[in-house]
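Dropping a structure here in structure tokens format, bear with me for questions.
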Amino acid sequence: MTRNVEALQLFDNFSQKIASLRHLNSPAATLSEAKQAHANSLKAGLSTQTHVAAKILSLYANHQCFAEADLLLYSLPQPDIFSFTTLINASSKYENFRHTLKLFVKMLAHRLFPDNRILPSVIKACAGLSALKLGRQLHGFGLTSGLALDSFVESSLVHMYIKCNALTYARKVFNKMAEPDVVCGSALASGYAKKGDVNSANMVFGEMEKLGIEPNLVSWNGMIAGFNQSGHFFKAVSVFRSMHSDGFRCDGVSVSSVLAAVGDLEDIIIGIQVHGYASKLGLRSDKCVVSSLVDMYGKCGCALETLRVFEEMDQKDVGTCNALIASLSRNGMVDDALKTFKKYRGQGMELNVVSWTSMIACCSQHGKDTEALELFREMQMVGVKPNSITIPCLLPACASIAALAHGKAAHCFSFKRGFADDVFVCSALIDMYSNCGRIQAAKQCFDRMPRRNLVCWNAMIGGYAMHGMVKEAINIFQLMQSSGQKPDFVSFTSLLSACSQRGLVEVGKSYFNSMSGDYKIEARMEHYACMVSLLGRAGKLQEAYSLVNEMPFEPDACVWGALLSSCRVQHNMELGEVAANRLFELEPKNPGNYVLLSNIYAARGKWTEVDKVRDMMKNAGLRKNPGYSWIEVKNKVHMLLAGDKSHPQMMQILEKLNKLSMEMKKAGYLPDTDFVLQDVEEQEKEHILCGHSEKLAVVFGILNTSPGTALTVMKNLRICGDCHTAIKFISSFEKREILVRDTNRFHHFKDGVCSCGELW
DNA sequence: CTAGGGTTAG
């Protein structure tokens, strides 16, 4: 009797234990159920039983709880291949590639050997980490270990080799396959397409047909996506067409890829057709399709259509929002982009790196520099990690307001995150450092780059050009060619502008001629503008004017502006009038043109003409320009400097200056004429008269307190390296409590000055 | 249990 009771109790206990583990067999178990099962198995003393442990591990793996899984795995006295397989496959599936490899090494340490069921995941991890060496080792192991590699392993090998840019190896794997299948063939074909090898991609597709392998939906989609990613947009569209004519019904994947290509082709007609087709197929709720539709319309300049497509979607998704922000930004609708961003942020949408990066890019591309910096700070505060794309979006904002400290911080950040060698990051860093007056730091970035593309070389040439270091610019230009990189029109623009700054007429001319002669690069507007400036500044105004007349296309405001500036330097009234009159037609609302002409008149003592220009400005509706009154001051100051101080009109001028000063005070511009005049006298007279507009700008910048002008002045100061004036400039801000309302901006100015101070 | 295809930021 007692024995029966005992037996019953034992049985009862046992069934309870089994019952407590019931979740193990339910693949849909929640995480807490999995943990419960684990706890129960520990209590029951069953946790180290191989089959129980394997079950729990698989539950953890499905919930991506790799830390918990590891603890359990390592607690097993003798983990088996199934436990490892479960975890390795799961961690690879969820792209936890480093973890995958770690587990794999652990597995080998337990003297467990990999088989066909585990190799694909490990090889996929190699692909994800671009670990070609390890991938090849695994391939070698597979071939020598006596395993008959199956098509799963082979297709993962093809994929891995393509990811690692080893296309010949990928091809070899495919060629040696006993039974080539559709998965491997498609992987290879789309790999070639992704790398831009159109012929090989088509060839593999053809071979598949010969081998009797019917391409499926994934094969077609791989081709479309591949061609889109390698920039063969037209090819992507034509594959989409042949897919259709082959009677294949496309899906959301095909449509989103082809729409991306259509957007880059800016072919709105095809775009509308695909849009209609997608609607007919009922793909309106496919997030990627809607995103690429929004993007496509944005690239085609149809901002309204973009909004319509977006609004039609019932459930807004982050990706779609991102596409909308980019689309609005592309069409110059900065405020709407910001509004969208804020709206969905306020609604609690989980914004990701792309959202933040798009918004930062939008701000820095449209002159909202401090906003870009602020967004960068905020994104980190809310825990979104910037990536290697965020940095090059942010850096132009740092460069534009000389926020060297922020730029340096972004540089350090890139180091920490391991993308300081990225070509995009480096080019932007070179640009930022050059802009902040740190040409040496720019050069250091450039020197330590492991790989360079055209943009990097151009950034460095541009940096030297900006600093007037023509010898160095030419040196880089030559290095670039000996490294096998062909220059483009941007390289020549920088070279020509450097020559123009240094007055190297002959060198500049020879580059201009060899550009079209030797390099077969057609001269663009900016090249002509540089040449006009080069000739004009050197006093060859007639030659410059002939060049303008001989241009193969209609000169734009930049070209005429270069001529007018040269005329101002040379005090050439006649040609100056010609250029100015063209400019008044082309850009009647640009006050700079009027200022330049009146400067020429002032330097020649033609005061009636100066007044006429002033009237023209009034007629052009430029009266309300905040800097307007200062033009008067500017001209008189110029006159003071140009003429001798016993000028008969001197008393009148001073009187007028004082009167203007009063007017400005009334208007709230806080001018200080005495300060200005003193400052001007301290400057080297000939520098100002020889057209060093930068220094002049400094002086006039002190007068004009509008933030816009102040920004320009700061930029010029940095480029001149005139620390002395910079500090004076900034202290005058502080002294006169200018811009105190805009404290952010103010601090960035200070930052700019610090960078000047450190350098000079 | 394991392999091939998607959009949005430079």
Side-chain angles (χ1 to χ4, degrees), chain A residues 54 58 61-62 81-82 84-90 92-93 114-124 127 149-160 162 173-174 181-191 193-194 215-226 228-229 250-261 263 283 286-296 298-299 317-327 329-330 352-362 364-365 386-396 422-425 427-428 455:
Chain A
S58 112
N62 281 328
I81 186 108
F82 297 107
F84 273 110
T85 307
T86 311
L87 279 185
I88 286 178
N89 288 343
S92 176
K93 179 177 158 193
D115 56 14
N116 277 346
R117 290 175 190 174
I118 208 165
L119 278 175
S121 300
V122 186
I123 294 168
K124 185 183 162 189
L149 297 185
D150 63 9
S151 71
F152 283 86
V153 179
E154 284 165 324
S155 59
S156 63
L157 280 169
V158 169
H159 183 233
M160 185 270 296
I162 286 165
V173 174
F174 182 72
D181 68 355
V182 64
V183 178
C184 265
S186 327
L188 188 62
S190 91
K194 231 176 246 178
N216 59 22
L217 187 60
V218 178
S219 324
W220 285 106
N221 287 349
M223 291 288 271
I224 300 171
N228 173 44
Q229 282 163 27
C250 69
D251 68 352
V253 179
S254 351
V255 172
S256 39
S257 290
V258 82
L259 277 172
L283 297 169
D286 186 312
K287 282 162 188 154
C288 283
V289 170
V290 179
S291 298
S292 43
L293 269 174
V294 166
D295 182 60
M296 182 274 293
K299 280 181 179 154
D317 147 68
V318 210
T320 328
C321 281
N322 296 345
L324 181 65
I325 290 169
S327 206
S329 167
R330 193 170 272 129
N352 58 21
V353 218
V354 182
S355 332
W356 286 93
T357 306
S358 313
M359 208 54 250
I360 291 173
C362 175
S364 70
Q365 281 162 13
N387 63 15
S388 66
I389 300 177
T390 318
I391 303 300
C393 292
L394 174 77
L395 284 173
D422 182 280
V423 277
F424 287 100
V425 172
S427 309
V455 181

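Throughout, protein chains are lettered first and strands after them, A, B, ... in sequence-line order, and every chain is numbered starting at 1.
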Rounded to whole Å, how long is the line connecting atom CG of A:Leu293 with atom C1' of B:dG6?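 Result: 13 Å.
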Kindly point out which of B:dG10, B:dG4, B:dC1 is positioned nearest to the side chain of A:Val218?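 Of all the options, the side chain of A:Val218 is nearest to B:dG4.
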Heavy atoms only, 4.0 Å cut-off, all strands: where does A:Ser151 land among base, sugar-phosphate and nothing?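 A:Ser151: base contact, heavy atoms under 4.0 Å.
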Which nucleotide in the set B:dG10, B:dT8, B:dT7 lies at the smallest distance from any side-chain heavy atom of A:Gln365?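 So the side chain of A:Gln365 is nearest to B:dG10.
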Is there a donor and acceptor pair closer than 3.5 Å between the side chain of A:Ser186 and the base of B:dG4?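 Result: at least one qualifying N/O pair found.
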Is A:Asp115 touching bases, backbone alone, or none of the nucleic acid, heavy atoms closer than 4.0 Å?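 It contacts nothing in the nucleic acid.
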Base, sugar-phosphate or nothing for A:Val182? Non-hydrogen atoms, less than 4.0 Å.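 Contact class for A:Val182: base.
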hbond_proxy A:Ser256 side chain to B:dT7 base (donor-acceptor, 3.5 Å cutoff):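 In this structure, the two groups form no donor-acceptor pair.
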Pick out which of A:Val455, A:Thr357, A:Asp422, A:Val425 makes a side-chain contact (heavy atoms from CB on, under 4.5 Å) with A:Pro392.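 Of the listed options, the one satisfying the test is A:Val425.
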Expressed as a whole number of angstroms, how long is the span from A:Ile123:CD1 to B:dG4:P?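 Rounded to the whole Å, the gap is 11 Å.
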Is the phosphate of B:dA9 approached by A:Arg330 (side-chain N or O, under 4.0 Å from OP1 or OP2)?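 A:Arg330 to B:dA9 OP1/OP2: side-chain N or O found under 4.0 Å.
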Base B:dG6 paired with A:Asp251 side chain (donor-acceptor, <3.5 Å):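 Under the 3.5 Å cut-off, the side chain and the base do not form any donor-acceptor pair.
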Just to confirm, is there a sub-4.0 Å distance from OP1 or OP2 of B:dA3 to any side-chain nitrogen or oxygen of A:His159?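 For B:dA3, OP1/OP2 do not have a side-chain N/O of A:His159 under 4.0 Å.
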Mind calculating the distance between CD1 (A:Ile118) and P (B:dA3) to the nearest angstrom?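 Spelled out: CD1 on A:Ile118 to P on B:dA3 is 12 Å.
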Kindly say whether, by distance alone, the side chain of A:Ser358 makes a donor-acceptor pair under 3.5 Å with the base of B:dA9?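 There is none.
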Nearest-nucleotide pick for A:Ser156, side chain only, options being B:dG10, B:dG6, B:dA3: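 Within the option list, the nearest is B:dA3.
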With a 4.0 Å cut-off on heavy atoms, is A:Val289 in touch with a base, just the backbone sugar-phosphate, or nothing at all?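 It contacts base atoms.
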Proximity to the side chain of A:Asp286 - top-ranked nucleotide from B:dT2, B:dG6, B:dT8: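 Within the option list, the nearest is B:dG6.
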Could you work out which one of B:dA9, B:dA3, B:dG6 sits closest to the side chain of A:Val354?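 So the nucleotide nearest the side chain must be B:dA9.
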Would you mind reporting whether A:Val258 and A:Asn228 have side-chain heavy atoms less than 4.5 Å apart?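 Contact flag for A:Asn228/A:Val258 side chains = no.
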Can you sort out the partners of A:Arg117 under salt bridge (Lys or Arg N to Asp or Glu O under 4.0 Å), two or more places apart, ordered by chain and number?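 Result, salt bridge (Lys or Arg N to Asp or Glu O under 4.0 Å) vs A:Arg117: none returned.
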Check if the side chain of A:Asn228 and the base of B:dG6 share a donor-acceptor pair of N or O atoms closer than 3.5 Å.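 No, no donor-acceptor pair under 3.5 Å.
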Whole Å only: how far is the CD1 atom of A:Ile325 from the C1' atom of B:dT7?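 Taking atom C1' of B:dT7 as the reference, CD1 of A:Ile325 is at 14 Å.
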What's the closest nucleotide to the side chain of A:Gln229 if the choices are B:dT8, B:dT2, B:dG6?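 The nucleotide sitting nearest to the side chain is B:dG6.
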To the nearest angstrom, how far is A:Leu188 atom CG from B:dA3 atom P?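 In whole Å, B:dA3 P and A:Leu188 CG are 18 Å from each other.
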Taking any heavy-atom pair under 4.0 Å as a contact, classify A:Ser388: base, sugar-phosphate, or nothing.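 Touches a base.
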Does a distance-only test, which skips hydrogens and angles, find a donor-acceptor pair under 3.5 Å between the side chain of A:Asn387 and the base of B:dG10?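 Per atom types, no contact qualifies.
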Sugar-phosphate only, base, or nothing, as touched by A:Asn352 at under 4.0 Å among non-hydrogen atoms: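 Result for A:Asn352 = nothing.
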Tell me the interatomic distance from A:Met223, atom CE, to B:dG6, atom C1', rounded to whole angstroms.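 One finds 16 Å between C1' of B:dG6 and CE of A:Met223, rounded.
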Between atom OG of A:Ser358 and atom CD1 of A:Ile389, what is the distance when rounded to the nearest 0.5 Å?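 One gets 9.5 Å once the value is rounded to the nearest 0.5 Å.
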Would you classify A:Leu259 as touching base, sugar-phosphate or nothing, given that sugar-phosphate means primed atoms plus P, OP1 and OP2, and contacts are heavy atoms under 4.0 Å?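 Here A:Leu259 touches no strand at all.
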So A:Ser219, base contact, sugar-phosphate only, or nothing? Heavy-atom distance under 4.0 Å.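 Base contact - A:Ser219 has a heavy atom under 4.0 Å of at least one base atom.
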Would you mind telling me which of B:dG10, B:dG4, B:dT8 lies closest to the side-chain atoms of A:Lys124?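 So the side chain of A:Lys124 is nearest to B:dG4.
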What residues, two or more places apart in sequence or in another chain, satisfy side-chain contact (heavy atoms from CB on, under 4.5 Å) together with A:Cys288?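 Partners of A:Cys288 under the side-chain contact (heavy atoms from CB on, under 4.5 Å) test: A:Ser256, A:Asp286.
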Say you draw a straight line from NZ of A:Lys299 to OG of A:Ser292; how long is it, rounded to the nearest 0.5 Å?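 Between A:Lys299 NZ and A:Ser292 OG, I get 9.5 Å after rounding to 0.5 Å.
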Just the rounded figure in Å: distance from P of B:dC1 to CZ of A:Phe84.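 So the two atoms are 20 Å apart, to the nearest Å.
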Which nucleotide, B:dG4, B:dA3, B:dC1, lies nearest any side-chain atom of A:Asn216?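 So the nucleotide nearest the side chain must be B:dG4.
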A:Ala187 side chain, from C-beta outward: closest of B:dT8, B:dT2, B:dG4: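 Looking only at side-chain atoms, A:Ala187 lies closest to B:dG4.
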Taking the side chain from A:Asn89 and the backbone from A:Ser92, do they hold a donor-acceptor pair closer than 3.5 Å?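 It does not hold such a pair.
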Specify the separation, in whole Å, of atom CD1 of A:Ile162 and atom P of B:dA3.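 The answer, rounded to whole Å, is 16 Å.
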